[in-house]
There are 2 protein chains.
Amino acid sequence: MSAPSTPPAAADTRPPARGRPPRLDQTRTVEAALVLLDASGLDALTMRRLADAVGVQAGALYRHFATKQDLLTAMAERMLEGCSAPPSDPDWSGRLTALARRMRTALLAHRDGARVYAGTHSTGANTLGFAETFIGVLSEAGFGPQEAARTALTVVHYTVGHTLEEQAALQPGDQGPADPGQLREAVTAGGFPHLTAALPVLTGADFTAQFEFGLGLLLQGLRALHRAGSGPAA
Amino acid sequence: MSAPSTPPAAADTRPPARGRPPRLDQTRTVEAALVLLDASGLDALTMRRLADAVGVQAGALYRHFATKQDLLTAMAERMLEGCSAPPSDPDWSGRLTALARRMRTALLAHRDGARVYAGTHSTGANTLGFAETFIGVLSEAGFGPQEAARTALTVVHYTVGHTLEEQAALQPGDQGPADPGQLREAVTAGGFPHLTAALPVLTGADFTAQFEFGLGLLLQGLRALHRAGSGPAA
DNA sequence: ACCTGAACACCGTTCAAGT
DNA sequence: ACCTGAACACCGTTCAAGT
């Protein structure tokens with residue numbers, strides 16, 4: 001909530017740190033949690049294992065995070081660090097594309113990143129800053145606040161939905177044991193002609209092309225909406 | 001895999017049911033699991049509680065589902081029942097809209113339905129049938145198999161992403177304790193002007209309008225792509 | 001063949017007690 | 001103030017033994 005450096009104007013009279021200095025703090029814990037996440041995945045991220053990793057008993061974590069859910073929220077918030085800088089593309093649709101790509105990249109940067117993000121609702125500076133930048137780009141493009149908000153939600157939902165699937169497909173055994181083979185077999189055995197023709201794409205691994213296709217659809221639709229009249233004063 | 005009634009042509013020589021008849025079968029178990037899901041939510045759906053609900057010990061469930069993940073997959077598959085019937089709208093974009101709405105409705109029909117769906121990868125008849133119908137509509141509209149597959153994935157990802165968020169917002173305490181109030185406070189305290197203007201939509205509850213907005217964007221983009229040339233032989 | 005009973009190896013969370 | 005140790009009330013999963 002408050003800026004971490006230079007507290008603006010508050011009664012900063014906390015007693016000079018009685019007892020010994022804490023061996024743990026939120027930042028270090030979140031960092032360790034993300035390392036553990038990358039190494040073992042979300043299902044293996046337990047409070048006990050995290051406590052082990054930071055050299056503490058499990059109960060001690062609850063002095064810094066009230067629940068595991070709070071920890072996950074802090075992790076999601078941390079993932080979006082650096083995503084809210086204003087993009088530098090010349091036109092608004094390029095700026096929007098950049099923001100969407102940035103979010104996918106941030107989620108992909110950690111194993112099960114999309115799952116962590118989808119399961120939380122951070123109201124931290126990174127999350128809110130990203131939304132502010134996103135809606136700001138749309139505002140400056142001439143969209144009203146309602147259309148801007150709806151558009152931002154749409155793009156985020158699409159990005160999360162896509163990346164969830166992408167990361168699920170990326171690592172086998174996590175939730176779907178034999179996706180490519182099993183799907184292929186079920187489709188051909190079941191007699192689904194259109195599905196059979198689509199199999200190469202459905203079992204293909206070009207997730208970036210898939211993401212860009214959907215994002216392109218969204219932006220094309222948005223450009224049509226823009227033309228249709230949400231001008232400077234619509 | 002095989003049709004439940006009238007097995008076509010197979011050596012149906014299983015011995016006449018030695019021992020006593022099973023008290024459990026997959027269908028009944030999945031139905032009970034969905035009832036339990038609706039009553040208590042995904043986090044409270046445990047193998048032990050489900051066993052209790054069907055009047056059996058927890059271990060007995062493993063004779064019908066190898067893992068809990070398999071049970072969840074069967075539940076997701078069951079949720080899509082009736083979604084693959086060909087839609088009757090006159091134009092292809094209306095048919096696509098109908099299919100997307102149908103999927104959202106199916107996920108919304110059960111508490112945490114989107115979360116269950118997003119966590120599984122069914123290759124059952126309902127899931128595959130829905131995909132077949134979806135891609136079929138696009139094929140008949142003149143899209144090639146690649147564009148049809150990419151479009152289907154895009155719409156499904158968007159629908160899942162949206163409904164995940166919708167169901168998370170619907171019930172408080174499940175993963176975000178005080179979304180509306182907490183978000184409102186954080187936004188106004190943090191000084192996010194565009195976000196503040198967008199707050200009414202972001203904290204609003206008209207999820208259908210939000211879903212339709214994004215779906216409209218997607219379809220508008222798709223119509224542009226259709227015009228651009230994926231004609232009968234593209 | 002199907003289910004019970006009991007166990008194994010864990011969970012998230014709480015809280016007195018220590019320092 | 002911060003952490004330990006130990007407990008509480010659970011998990012998913014396995015498997016001998018019963019019927």
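Here is how names work: the chains are called A, B, and so on, in the same order as the sequence lines, proteins then strands, and each is numbered from 1.
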- Between P of dC3(C) and CZ of Phe65(B), the distance in whole Å: 12 Å
- Atom NZ of Lys68(A) and atom C1' of dT14(C) are separated, to the nearest Å, by 17 Å
- Message: Just the rounded figure in Å: distance from C1' of dC10(D) to CE of Met47(A).
- Response: 16 Å
- Item | Within-4.5 Å side-chain heavy-atom neighbours: Asp52(A) and Arg48(A) | no
- Task: Measure from CZ on Arg63(A) to C1' on dC3(D) and round the result to the nearest Å.
- Result: 7 Å
- d(CG, Leu61(A); P, dC15(C)) in whole Å: 17 Å
- Message: Both distances below 3.5 Å, Watson-Crick or wobble geometry, any strand: find the nucleotide opposite dA16(C).
- Response: dT4(D)
- P atom, dA9(C) versus dA9(D): distance in rounded Å? 23 Å
- Message: Pairing donors with acceptors under 3.5 angstrom, does anything connect the side chains of Arg104(B) and Thr208(B)?
- Response: yes
- Message: Heavy atoms from C-beta onward define the side chain here; which of dT4(C), dT13(D), dG12(D) lies closest to that of Thr46(B)?
- Response: dG12(D)
- Message: Closer than 4.0 angstrom, basic N to acidic O: yes or no for Asp206(A) and Arg150(B)?
- Response: no
- Integer-rounded Å distance: dG5(D) P and Asp52(A) CG: 12 Å
- Task: Please determine, for the side chain of Ala60(B), which listed nucleotide (dT4(D), dT13(D), dT4(C)) has the closest atom?
- Result: dT4(C)
- Salt bridge check: are Glu31(A) and Arg28(A) linked by an N-O gap of less than 4.0 Å? no
- Comparing Gly59(A) with Arg49(A), nearest DNA chain C nucleotide closer to 5' gives the residue Arg49(A)
- Message: Quick check for you: among dT13(D), dT4(C), dG5(D), whose closest atom lies nearest to any side-chain atom of Gln57(B)?
- Response: dT4(C)
- Quick one: look up who dA9(C) pairs with, Watson-Crick or G-U, both distances under 3.5 Å, and put none if it's unpaired. none
- Task: Taking the side chain as every heavy atom from C-beta outward, state whether His194(B) and Pro145(A) have any atom pair closer than 4.5 Å.
- Result: no
- Message: How many whole angstroms separate atom CG of Leu50(A) from atom P of dG12(C)?
- Response: 10 Å
- Taking only the side-chain nitrogens and oxygens of His64(A), find out if one of them lies under 4.0 Å from OP1 or OP2 of dC2(D). no
- Let me know the distance between CG of Asp43(B) and C1' of dC10(D), rounded to the nearest Å. 14 Å
- The nucleotide from dG5(D), dC8(D), dA7(C) with an atom nearest the side chain of Arg48(A) is dC8(D)
